[in-house]
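Encoded as structure tokens, the structure appears first; notes follow it.
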Amino acid sequence: MKLPSALYVVLSILGAFAVVGAMVTVYGSGSAALPLWAPAVRPGPLSQAHAFLGDRCESCHAPNKGIVAAKCVTCHAWAPELLMKPVSAFHANIGECRGCHVEHKGANVRPIQMDHAALERVAKRSGGPPVALQCQSCHAFQDKHQGFFGKQCATCHATKTWDVPNFVHPSPRSTDCGQCHKPPPSHLMMHFEMMEKAITGQKAARVEQCQLCHQTDSFNNIKNVGWYDMH
Ligand code: HEC
Ligand code: HEC
Ligand code: HEC
Ligand code: HEC
Ligand code: HEC
Ligand code: HEC
Ligand code: HEC
């Protein structure tokens with residue numbers, strides 16, 4: 001190897017060490033230790049909500065520990081709305097923010113990306129037995145099935161999307177509607193005689209015969225009448 005190129009190799013190795021060193025220093029001591037390097041090792045711009053923090057990396061990152069929940073919680077006193085909603089009430093005693101709260105993806109990406117696996121990781125780390133996620137404990141208010149399908153949501157649902165692969169809704173000619181849908185309270189009183197039957201002309205219909213009056217795309221789509229919204 002000729003001398004100049006050997007020197008070049010040495011210099012680039014030194015250069016690489018300098019970059020790694022800067023990252024380690026920032027990580028170890030906070031951005032104040034190497035102010036000019038902070039933007040260089042930041043993976044990307046902060047979300048709009050956090051852009052005001054500028055290059056104050058230590059607002060969220062702790063030396064040698066990475067993202068620490070206590071740092072986030074300094075600024076985030078829990079809003080009652082968050083804790084009073086079953087699906088997000090777990091915030092009251094979750095010890096970790098990573099996993100579901102992303103960052104550095106720029107102003108247009110809100111720093112929220114739900115990851116159910118993070119729930120299991122936290123449970124495992126806090127010493128408890130690895131939990132099977134109790135879907136219903138968080139999602140009870142989002143049960144679209146009026147209780148018909150029970151509490152074991154995971155029998156039919158995964159956590160990525162509520163869509164069920166290969167589910168095809170029964171035909172609008174099905175007579176089984178009542179097995180999966182409950183009538184609203186209005187259908188159980190005099191209203192049913194005076195309104196539902198009158199609007200549809202289905203004088204002999206019983207309440208559970210939804211198919212005589214309803215389509216399957218929306219309960220506001222009344223057979224032979226079209227879109228109907230009382231409100
Ligand atoms: C508002 C809080 C916040 C601020 C301020 C912030 N970060 Fe981050 N940073 C995060 C979060 C959260 C993650 C984890 C992202 C993920 O998991 O998608 C992260 C991830 C990183 C990573 C990837 C390594 C790791 O631990 O995941 C680096 C490197 C990093 N940040 C550097 C910086 C630097 C340098 C600055 C300052 C210029 C900075 N960050 C400012 C919240 C912040
Ligand atoms: C220096 C204070 C401060 C720190 C530290 C901080 N935040 Fe924030 N955060 C804010 C402010 C201010 C807002 C915008 C107003 C609001 O929504 O409360 C915000 C907004 C948010 C939002 C809502 C964003 C949206 O688009 O709705 C989330 C989620 C969030 N922060 C999570 C975190 C997490 C996780 C951490 C730690 C990694 C963190 N924050 C650290 C001050 C802070
Ligand atoms: C298991 C995933 C998960 C973990 C862990 C988690 N969050 Fe959240 N967080 C969410 C989701 C999802 C939302 C959006 C909830 C909604 O609006 O229904 C949210 C919402 C928020 C909000 C926004 C509230 C608002 O005003 O809209 C803040 C702030 C927040 N989280 C902070 C934190 C902090 C701080 C931690 C760590 C102590 C943390 N979260 C841990 C998933 C998580
Ligand atoms: C500790 C609370 C908690 C548990 C337990 C839980 N989830 Fe979630 N889940 C959330 C939060 C928070 C969100 C995000 C906010 C939302 O979609 O309302 C979410 C979102 C979802 C979504 C919507 C995803 C999307 O982007 O549309 C599905 C599907 C889901 N969960 C299914 C499940 C299933 C199935 C289980 C049981 C295996 C389960 N969840 C257990 C809190 C939980
Ligand atoms: C017996 C199977 C089964 C069980 C158990 C079940 N679901 Fe479903 N769920 C379905 C089917 C099928 C769909 C329609 C999916 C589609 O259109 O791809 C659905 C759709 C949904 C939707 C989306 C509805 C919409 O309008 O987009 C939500 C939300 C939902 N279920 C929540 C729950 C919750 C919460 C539980 C547990 C308390 C649960 N489900 C239990 C079968 C089930
Ligand atoms: C095997 C169970 C089952 C049967 C039988 C059934 N449905 Fe459904 N239906 C579902 C599920 C699951 C969904 C999607 C979740 C939801 O939004 O309720 C749904 C959704 C709907 C919707 C859309 C609701 C909305 O708010 O977007 C309408 C309307 C509907 N069904 C009408 C009917 C009618 C009318 C019949 C009879 C002709 C019928 N269904 C039979 C399970 C069933
Ligand atoms: C005799 C005809 C008839 C029968 C049978 C019937 N409905 Fe209806 N339903 C109507 C009419 C008409 C409306 C619109 C007027 C109203 O909202 O009261 C309606 C409204 C509704 C709405 C409210 C739509 C909204 O969002 O405002 C729901 C949900 C509904 N029906 C579900 C059912 C279910 C489930 C069944 C079967 C268990 C059923 N209906 C049986 C005629 C009927």
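Ligands are counted one by one from 1 in listed order, and the atoms in each one are counted from 1 as well. Computed from heavy atoms alone, side chains included, the values below leave out hydrogens, waters and symmetry copies.
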| said: How far is atom 12 (C) of ligand 2 from the closest protein heavy atom, and which atom is that? | reply: F52 CE2, 3.7 Å

| said: Within the 4.5 Å heavy-atom criterion, are I67 and H61 side-chain neighbours or not? | reply: yes

| query | Which of the atoms in ligand 5, numbered in the order shown and given with their element, are less than 4.0 Å from a heavy-atom of H139? | reply | 35 (C)

| task | Measure the distance from atom 23 (C) of ligand 4 to every protein heavy atom, then report the residue, atom name and distance (to 0.1 Å) of the closest one. | result | W162 NE1, 3.7 Å

| said: For atom 16 (C) of ligand 4, what is the closest protein heavy atom, and at what distance to 0.1 Å? | reply: Q142 NE2, 4.1 Å

| query | Does W162 reach the side chain of K144, with side-chain heavy atoms less than 4.5 Å apart? | reply | no

| said: Within the structure, is a non-hydrogen atom of T74 found at a distance of less than 4.0 Å from ligand 2? | reply: no

| query | What is the closest protein heavy atom to atom 21 (C) of ligand 4, and at what distance does it sit? | reply | H116 CE1, 3.4 Å

| request: Run the numbers for me: atoms of ligand 4, each under 4.0 Å from some heavy atom of F90, listed by number. | output: 1 (C), 2 (C), 12 (C)

| task | Find out whether P170 and T216 are in side-chain contact, i.e. whether some heavy atom of one side chain is under 4.5 Å from a heavy atom of the other. | result | no

| query | Hey, is C135 touching ligand 4 through its side chain, its backbone, both or neither, going by heavy atoms under 4.0 Å? | reply | both

| message | Using atom 8 (Fe) of ligand 5 as the vertex, how large is the angle between NE2 of H157 and NE2 of H145, rounded to 10 degrees? | response | 180°

| query | Can you tell me the protein heavy atom closest to atom 2 (C) of ligand 4 and the distance? | reply | C138 SG, 1.9 Å

| query | Please state which protein non-hydrogen atom is closest to atom 22 (C) of ligand 4 and give its distance, to 0.1 Å? | reply | T159 O, 3.7 Å

| note | All heavy atoms of D163 vs all of P165, minimum pair found to be O-CD, 3.8 Å

| request: Would you mind listing which atoms of ligand 4 come within a distance below 4.0 Å of any non-hydrogen atom of A158? | output: 29 (C), 32 (C), 35 (C)

| task | Check the angle between the aromatic planes of F52 and H50 and answer parallel, tilted or perpendicular using the 30° and 60° thresholds. | result | tilted

| request: Report the nearest protein non-hydrogen atom to atom 15 (C) of ligand 4: residue, atom name, distance rounded to 0.1 Å. | output: V87 CG2, 4.4 Å

| request: Number the atoms of ligand 2 from 1 as they appear, then name those within less than 4.0 Å of a heavy atom of P111, with their elements. | output: 24 (C), 26 (O)

| task | Taking H91 for its side chain and S88 for its backbone only, find out whether a donor-acceptor pair lies under 3.5 Å. | result | yes

| Relative to ligand 2, is H76 under 4.0 angstrom through side chain, backbone, both or neither, heavy atoms considered? | side chain

| Check: Q215 main-chain N/O paired with K223 side-chain donor or acceptor under 3.5 Å | no

| What protein heavy atom sits nearest atom 38 (C) of ligand 2, and how far off is it? | C72 SG, 2.7 Å

| request: Please write down residue, atom name and distance for the protein heavy atom closest to atom 4 (C) of ligand 5. | output: C156 SG, 3.3 Å

| request: Kindly indicate whether atom 27 (O) of ligand 5 is approached by any protein heavy atom to under 4.0 angstrom. | output: no

| task | Check the angle between the aromatic planes of H187 and F192 and answer parallel, tilted or perpendicular using the 30° and 60° thresholds. | result | tilted

| query | If you count the atoms of ligand 5 from 1 in the order shown, which ones are under 4.0 Å from a heavy atom of Q152? | reply | 5 (C)

| query | With a 4.5 Å heavy-atom cut-off, do H139 and V87 have their side chains touching? | reply | yes

| Atoms in ligand 4 flagged as close to K160, the criterion being non-hydrogen separation under 4.0 Å | 24 (C), 25 (C), 26 (O)

| field | F141 six-ring centre to K85 NZ/CZ under 6.0 Å and within 45° of normal | value | no

| field | Proximity flag Q136 to ligand 4, non-hydrogen atoms under 4.0 Å | value | no

| note | One finds that the ligand 4 atoms under 4.0 Å from a non-hydrogen atom of T161 are 29 (C)

| Sub-3.5 Å donor-acceptor pair from the side chain of Q146 to the main-chain atoms of K182, do we have one? | yes

| task | Considering non-hydrogen atoms only, spot the tightest contact between L53 and S59 and give its length. | result | CD2-OG, 3.6 Å

| Got S186 and E196 here, is their nearest side-chain heavy-atom distance under 4.5 Å? | yes

| remark: for atom 3 (C) of ligand 2, nearest protein heavy atom and its distance come out as C75 SG, 2.7 Å

| query | Of the backbone atoms (N, CA, C, O) and the side-chain heavy atoms from C-beta on, which set of L119 has a member under 4.0 Å from an atom of ligand 4: side chain, backbone, both, or neither? | reply | side chain

| query | Do R98 and E96 sit within salt-bridge range, that is, some charged N less than 4.0 Å from a carboxylate O? | reply | no

| request: For atom 24 (C) of ligand 5, find the nearest protein heavy atom and state the residue, atom name and distance (0.1 Å precision). | output: K144 CG, 3.5 Å

| E103 side chain to S47 main-chain N or O, any donor-acceptor pair under 3.5 Å? | yes

| said: One residue to check: F149. Relative to ligand 5, which of side chain, backbone, both or neither has a non-hydrogen atom less than 4.0 Å away? | reply: both

| note | atom 6 (C) of ligand 2: of H50, R98, H101, R56, the nearest heavy atom sits on H50

| Just which atoms of ligand 2 are under 4.0 Å from any heavy atom in L53? | 1 (C)

| said: Quick one, T159 and M114 - any side-chain contact, counting heavy atoms below 4.5 Å? | reply: no

| message | In this structure, does ligand 4 have an atom that sits under 4.0 Å from one of the heavy atoms of C153? | response | no

| query | At a 4.0 Å threshold, what atoms of ligand 4 neighbour a non-hydrogen atom of Q134? | reply | 5 (C)

| Considering only the protein, which heavy-atom contact is closest to atom 13 (C) of ligand 2, and what is its distance? | A49 O, 3.9 Å

| message | Among all protein heavy atoms in this structure, tell me which lies nearest to atom 17 (O) of ligand 5, with the distance rounded to 0.1 Å. | response | F167 CD2, 3.7 Å

| request: Going by heavy-atom distance to atom 11 (C) of ligand 5, choose the closest among D163, V164, V168. | output: V164

| task | Check whether F219 and L212 end up in the same hydrophobic cluster, where Ile, Leu, Val, Met, Phe, Trp and Tyr are linked by side-chain heavy atoms less than 4.5 Å apart. | result | no

| Can you find an N/O atom of K71 closer than 3.5 Å to an N/O atom of ligand 2? | no

| request: Quick one: sort the H145 and H157 rings into parallel, tilted or perpendicular, breaks at 30° and 60°. | output: parallel

| task | List the atom of H169, the atom of H181, and the distance in Å for their closest heavy-atom pair. | result | NE2-NE2, 4.0 Å

| field | pair H116-L119: side-chain heavy atoms closer than 4.5 Å | value | yes

| message | Checking a contact table here: which protein heavy atom is nearest atom 14 (C) of ligand 4, and how many Å away? | response | M114 CG, 3.7 Å

